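Keep in mind the model is a prediction, meaning the values are calculated, not measured. We count ligands from 1, going down the list as the structure has it; atoms in each ligand are counted the same way.
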Amino acid sequence: MEVVRKLASIQTVNTIEPIPNADAIERVRVLGWWVVAKKGEHRPGDKIVYCEIDSLLPERAEFEFLRPSSFKPEVRDGDTLVRAAGFRIRTVKLRGQVSQGICFPLAILPPGAPTDEGADVTELLGVAKWEPPLPVGMGGKVKGGFPGFLSKTDETRVQVLEPVLERNRGKTFFVTEKLDGTSFTAFLRADEFGICSRNLHMDEADETNVLARVAKKLELEAKLRAIRDRHGFSPAVQGEIIGPGIQKNKYGLDAPDLRVFNLLDLDAGRLVDYAPALAILADVGLQTVPQLGPMVLDHTIDELVQFSIGSSVLNPRTPREGIVLRPPVEERDPDVGGRLSFKVINPQFLLKFDE
Ligand code: ATP
Ligand code: MN
């Protein structure tokens, strides 16, 4: 089950703090985010409309002030409108303070809109998700939609998960580096081998697709069969494909490669827990995303964001996109709306690369 990200929602201003050496602006805390705003515009306890980074706000009078800094023209494919024009909310830095998202008074809402805390007003306001231009090399023959027996890969941002941090304080989590590539799944089910992009079941035989080329190069079918034969279950692996032609090849690889972050037992319909998954992947010679080790969760959101800042293990000259935290034993979490797992995106990475 995919959980829809609330791009625009009703929130309460938690706190407001001054920014050193800035007299016209201050920082406002909403959820686990810091937003820079004009001084005096908001007060603690105010209910506001909060729009997260990656929001694309529609061309409306209230948002016109964003035009000089944030306008994105419409995208068309022939006669079809792929994405309407709008104003894109991105991570910025003002007077040394990282600002993520934007706050508006409730007055921007149409009459009758919900104003209860947490209410999702994304559609009501016509807010869309900003998606970067499509990755190249993702063509190739499609076999169908994303198979129903698999779940799509996704991670929730820690900034909306304060209750999850509270509930899991003192628990050990395993940290991996979040890689910036493209999501990939390979499965072996009822003796059928298949591969998927983030959203589609692709033809594993069509090597115009980089995913099919990686599957072949890594002999993924043979490796999945080895998992089944040696470990006794029908597996799927999910990971990130990185390399030339993908997300600007930030890690400077010579050829596309796969780094695995999930191992699924399709017979049991569950994810394999952390340690056994690592052992099984190593056993068949599959590389994982960089392992940054265990940590006992006793951190605020701000501390985790600090911790996410650093270089990539794969290329020390490039900032890492972020980190992903998972427990040793898979569990469901009501606030995450799926497995307990979340991401902390490195703000330096967003400032540098989020075009
Ligand atoms: P958002 O949901 O925040 O709008 P998004 O859905 O585009 O963004 P990403 O920011 O790409 O998601 O983050 C989730 C993706 O991160 C996963 O789908 C997976 O492909 C990828 N990923 C990369 N490295 C890891 C890792 N170490 N652990 C888990 N997932 C990872
Ligand atoms: Mn997502």
Task: Nearest-neighbour protein heavy atom for atom 2 (O) of ligand 1, which is reported as residue plus atom name and distance - done: Asp154 OD1, 3.6 Å
Open item on the list: Can you tell me if Arg198 contacts ligand 1 (heavy atom of the residue under 4.0 Å from the ligand)?
Closed with: yes
Open item on the list: For the NZ atom of Lys72 and the CD atom of Glu59, what is their distance to the nearest 0.5 Å?
Closed with: 13.5 Å
- [ ] Decide yes or no for Ile16 and His42: does some side-chain heavy atom of the first lie under 4.5 Å from some side-chain heavy atom of the second?
- [x] yes
TODO: Identify, by atom number and element, the atoms of ligand 1 in contact range of Val289, meaning under 4.0 Å from any of its heavy atoms.
DONE: 27 (N)
Open item on the list: I need the contact type for Thr182 against ligand 1. Using non-hydrogen atoms and a strict under-4.0 Å cut-off, is it side chain, backbone, both or neither?
Closed with: neither
Open item on the list: Under the criterion ring-ring contact (aromatic ring centres under 6.0 Å, His included), I'd like the reasoning laid out for Phe187 against Phe149: C-alpha separation, chi angles, the key distance, then a yes or no.
Closed with: CA-CA 10 Å; Phe187 64 85; Phe149 58 86; 5.1 Å; yes
Open item on the list: Considering non-hydrogen atoms of the protein only, which is the closest contact for atom 21 (C) of ligand 1, and what is the distance?
Closed with: Glu240 OE1, 3.2 Å
- [ ] Please say whether Arg157 places an N or O atom under 3.5 Å from an N or O atom belonging to ligand 1.
- [x] yes
- [ ] Could you pull out the closest heavy-atom pair between Thr153 and Arg198, with the gap in Å?
- [x] O-NH2, 3.8 Å
TODO: Considering only non-hydrogen protein atoms, determine which one is nearest to atom 17 (C) of ligand 1 and report residue, atom name and distance to 0.1 Å.
DONE: Thr153 OG1, 3.6 Å
Open item on the list: If I take every N, O or S atom of Asp154, is at least one of them less than 2.8 Å from the Mn ion (ligand 2)?
Closed with: yes
- [ ] Identify the protein heavy atom lying closest to atom 1 (P) of ligand 1, giving its residue, its atom name and the separation to 0.1 Å.
- [x] Arg5 NH1, 3.2 Å
- [ ] Provide the number and element of each atom of ligand 1 under 4.0 Å from a heavy atom of Ser183.
- [x] 20 (O)
Open item on the list: Less than 6.0 angstrom separating the ring centers of Phe104 and Phe63, yes or no?
Closed with: yes
TODO: Kindly indicate whether a cation-pi arrangement holds for Arg29 with Trp34, taking the cut-offs as under 6.0 Å to the six-membered ring centre and within 45° of the axis.
DONE: yes
- [ ] May I ask you to decide whether Arg339 forms a salt bridge with Asp154, counting only side-chain N to carboxylate O separations under 4.0 Å?
- [x] no
- [ ] Between Glu52 and ligand 1, find which residue part has any heavy-atom pair under 4.0 Å and reply side chain, backbone, both or neither.
- [x] neither
Open item on the list: Check for me whether Lys129 has a heavy atom closer than 4.0 Å to any atom of ligand 1.
Closed with: yes
Task: Gln306 CD: over 12 foreign heavy atoms closer than 6.0 Å - done: no
TODO: Distance to 0.1 Å, residue and atom name: give those for the protein heavy atom nearest to atom 24 (N) of ligand 1.
DONE: Leu179 N, 2.9 Å
Task: Arg326 neighbourhood, listing ligand 1 atoms whose heavy-atom distance to it stays under 4.0 Å - done: 29 (C)
TODO: For a side chain to side chain donor-acceptor pair (under 3.5 Å) with Asp54, tell me which candidate from Gln100, Lys129, Arg5 qualifies.
DONE: Arg5
Open item on the list: Could you check whether Asp203 pairs with Lys141 (Lys NZ or Arg NE/NH1/NH2 to Asp/Glu carboxylate O, under 4.0 Å)?
Closed with: yes
- [ ] Do me a favour and list the nearest non-hydrogen protein atom to atom 26 (C) of ligand 1 with residue, atom name and distance?
- [x] Val324 CG2, 3.7 Å
- [ ] Assess Lys152 for proximity to ligand 1: is some non-hydrogen atom of it under 4.0 Å away?
- [x] no
Open item on the list: To check your reading of the model: name the closest protein heavy atom to atom 8 (O) of ligand 1, its residue, and the distance in Å.
Closed with: Lys343 NZ, 3.3 Å
Task: Nearest-contact summary for atom 25 (C) of ligand 1 - protein heavy atom, Å - done: Phe261 CD2, 3.7 Å
Open item on the list: Contact between Leu314 and Ile242 at the side-chain level, heavy atoms closer than 4.5 Å - yes or no?
Closed with: yes
